[in-house]
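We name chains A, B, ... by the order of the sequence lines, and we start the count at 1 in each one. The basis for the numbers below is simple: all heavy atoms, side chains too, and nothing from hydrogens, waters or symmetry mates.
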There are 2 protein chains.
Amino acid sequence: MITIKDVAKEAGVSVATISRVLNNKPGVSDETREKVLSVIKRLNYNPNLLGRNLRRMETKMVLVLLPAISNPFYARIVKGIEDVAQKNGYGVMLCNTDSDIERERMYLELLKNKLSDGVIFMAPEIDEEELNDIGEKYAVVQCCEYKEGANVSHVSIDNYKASYKAVKHLIGLGHKHIGLISCKNNFLSTKHREAGYKKALEDSGIEFNPCYIRHGDYSFKSGFRAAHGLLNDFKEITAIFAISDIMAIGAIKACYENGLKVPDDIAIVGFDNISFAPMYNPSLTTVSQPKYDIGCTAMELLIKQIKNKGGNKENIVLEHELIIRQSTVK
Amino acid sequence: MITIKDVAKEAGVSVATISRVLNNKPGVSDETREKVLSVIKRLNYNPNLLGRNLRRMETKMVLVLLPAISNPFYARIVKGIEDVAQKNGYGVMLCNTDSDIERERMYLELLKNKLSDGVIFMAPEIDEEELNDIGEKYAVVQCCEYKEGANVSHVSIDNYKASYKAVKHLIGLGHKHIGLISCKNNFLSTKHREAGYKKALEDSGIEFNPCYIRHGDYSFKSGFRAAHGLLNDFKEITAIFAISDIMAIGAIKACYENGLKVPDDIAIVGFDNISFAPMYNPSLTTVSQPKYDIGCTAMELLIKQIKNKGGNKENIVLEHELIIRQSTVK
DNA sequence: TATTGTTATGTAATCCGTTACGTAAATTGT
DNA sequence: ACAATTTACGTAACGGATTACATAACAATA
């Protein structure tokens, strides 16, 4: 392997000069600089970042922990993160936690072991306390999903308002019996979306029926089953709001298999506006999160923290938007 | 920051002993070992891997370069890669290249700079020569998509046979005018899938009509447009084969918007069996690749190369399967 | 001419953990 | 009881790049 020493010897200068050239530092004559550069090229030298990183005690790498890359919801967010990262000279490592706390902890080792300068959680599995501990020592940002108690920055939308708006849309179309497909988990977004659903009903003088809520796990199948159950048990239901697009799509599929047409017989609203939402048949009415901006903002917060050695915690709420498509209106 | 020296001082032993305990090496008495472990826990010490990696000249990290994490096709493959990696003590960094050769090169620096022990390409943008150069010095595996000329291992299916089988399925259902939605790119898979299409027609005595081929870019929209064009220009077409599921889904959507029912009026076949294929309405007939196994195999090959310092190039072809769903048969 | 400042470059310490080698003590064998 | 072996540890070199500090050459100023 070629090291900085080899280059120094070949160019007839010291390693310090090579280092200065590599890092574009002043104090090197143009002549020497060019000679060094040509030797670097000739020897095909690549600086060993393990050495540099050890010395500088930084890696210019950040960790992004996501429950599943298969979830299309994250794609645009990650794009935002990557674009900002690249602009600032950072690399991004995406890591799948599979919503498994052990895997999450395993990847967090990369942070503790100095192999990464900071971390963005898409949906932390660890609890408030652990998150807090990490947040005290390292640069951490939560993105979309977050733990309320933890003193750790986050970027998200107002899920309560968004959900409220989605259900109000259905009510505005004349629906009075509206099912909800939610999830059994501790996510704050879930709690807020359920609360928004209830508030919208209440504000419109519609009585809340707890039996109209079914629980899935964000999967297509769970959405399918939940909708199937709702439609069988409550013939009066004419609309369903699902707290994720994938479950909403499962619900549409269930409607069709039950001989019901969407939106003619049943209206469906999802949440997230994943890339498949406009592709589906019928295309899906849903709440759009400004995913790209969320990603950009999260990365910007993280970089700020890295630079300030962990200072400034901030919480940022971005605007959502209801996108009306075929699944509620012809 | 707490270093190995602090731990050594606190435990009253030398750094060598700490290191031996950290790495489970022999030559430490049980008593000392326990004392060291308790100090490590008490001080909340995390070894700095930058030091270790520099000394060992390895990182136990591998790079996975994929064109877009938003493409659901890669999800299961990545899962396979990760599972095998974890079993062998490797971490996986996923990196989005956006099919951008510069971004790809940027991430390849991580390999050249020793921040990663090897790389798996999902679809290399760099040409044969560059790939060859990298393959000579580093551990490299190509996964699914590959460059034929490069002397670099790959894992894939037989796209020619798979495509042949898909088109034969349509012919077996009585279709004689079959459109093809392909892509304009240099992927070998594309070439092979087109060739399989032609061969299937030929073997069944159906004349190949070059106008029946339209080109997309793997996107939903491009599939939509291609199908739209085909249906408008050639009323006799009763079936369409798309070389990717997403384009096939675009095609289905186009059919519905043209007032044609799938599969009653038009049969559609896709390729890849992404997670959305069974969810779609109608569910999509498609060619399934053993994605999880492909991922596992690729990672196994890579680990073998890392251990053998770049030796043994291997090419492995895994079996595909045609999955028949609603889009071709009621 | 003596002094000060500037520029280009080199020397060596440093970052943290690993490991080859050395040593002293304990154990075994005869 | 003595030599040979084993065990448990320590010392210091090492990996590659960075950087504080030192130095030498030269120019500018008084």
Tabulated below should be each protein N or O lying under 3.5 Å from an N or O of nucleotides 4-8 of chain D; please produce it.
none

So if I take the C1' atoms of five pairs at each end of the helix from dT1(C)-dA30(D) to dT30(C)-dA1(D) and get each local axis, what angle do the two axes make, rounded to 10 degrees?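 Roughly 40°, once rounded to the nearest ten degrees.
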Collect all protein-nucleotide pairs involving nucleotides 23-25 of chain D in which both atoms are nitrogen or oxygen and the distance is under 3.5 Å.
none

Within 6.0 Å of CD in Glu58(B), more than 12 heavy atoms from elsewhere: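 Enclosed: over 12 neighbouring heavy atoms sit under 6.0 Å from CD of Glu58(B).
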Atom-pair distance (CD on Glu58(A); P on dC16(C)), nearest Å: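 After rounding, the reported distance stands at 14 Å.
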Hey, does Leu188(B) have a side-chain heavy atom less than 4.5 Å from the side chain of Asn159(B)?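 SC-SC contact between Asn159(B) and Leu188(B) ruled out.
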Under a 4.5 Å cut-off applied to non-hydrogen side-chain atoms, are Ile120(A) and Val62(A) in contact?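 They are not in contact (no side-chain heavy atoms under 4.5 Å apart), so the answer is no.
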Tell me every residue that passes side chain to side chain donor-acceptor pair (under 3.5 Å) with [X], counting only those two or more places apart in sequence or in another chain.
X         : answer
Ser156(B) : none
Gln86(A)  : Arg103(B)
Asn315(A) : His154(A)
Asn185(A) : Thr190(A), Tyr218(A)

Under-4.0 Å salt bridge between Asp133(B) and Lys137(B):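 Looking at Asp133(B) and Lys137(B), the cut-off is not met.
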Filter on side-chain hydrogen bond (donor to acceptor under 3.5 Å, both in side chains), then keep only pairs touching [range], sequence neighbours left out; what's left?
range                       : value
residues 65-77 of chain B   : none
residues 117-130 of chain A : Thr59(A)-Asp117(A), Arg105(A)-Glu130(A)
residues 38-56 of chain B   : Glu10(B)-Arg42(B), Asn23(B)-Arg56(B)

Report all side-chain donor-acceptor pairs from residues 88-96 of chain B shorter than 3.5 Å, counting only partners two or more places apart or in another chain.
| from | atom 1 | to | atom 2 | distance (Å) |
| --- | --- | --- | --- | --- |
| Asn88(B) | ND2 | Val84(B) | O | 2.7 |
| Asn96(B) | OD1 | Ile69(B) | N | 3.0 |
| Asn96(B) | ND2 | Glu82(A) | OE1 | 3.1 |
| Asn96(B) | ND2 | Glu82(A) | OE2 | 3.4 |

Across nucleotides 14-20 of chain D, 5' to 3', mark each nucleotide with B, S or - according to how protein heavy atoms within less than 4.0 Å reach it. BBBBBB-
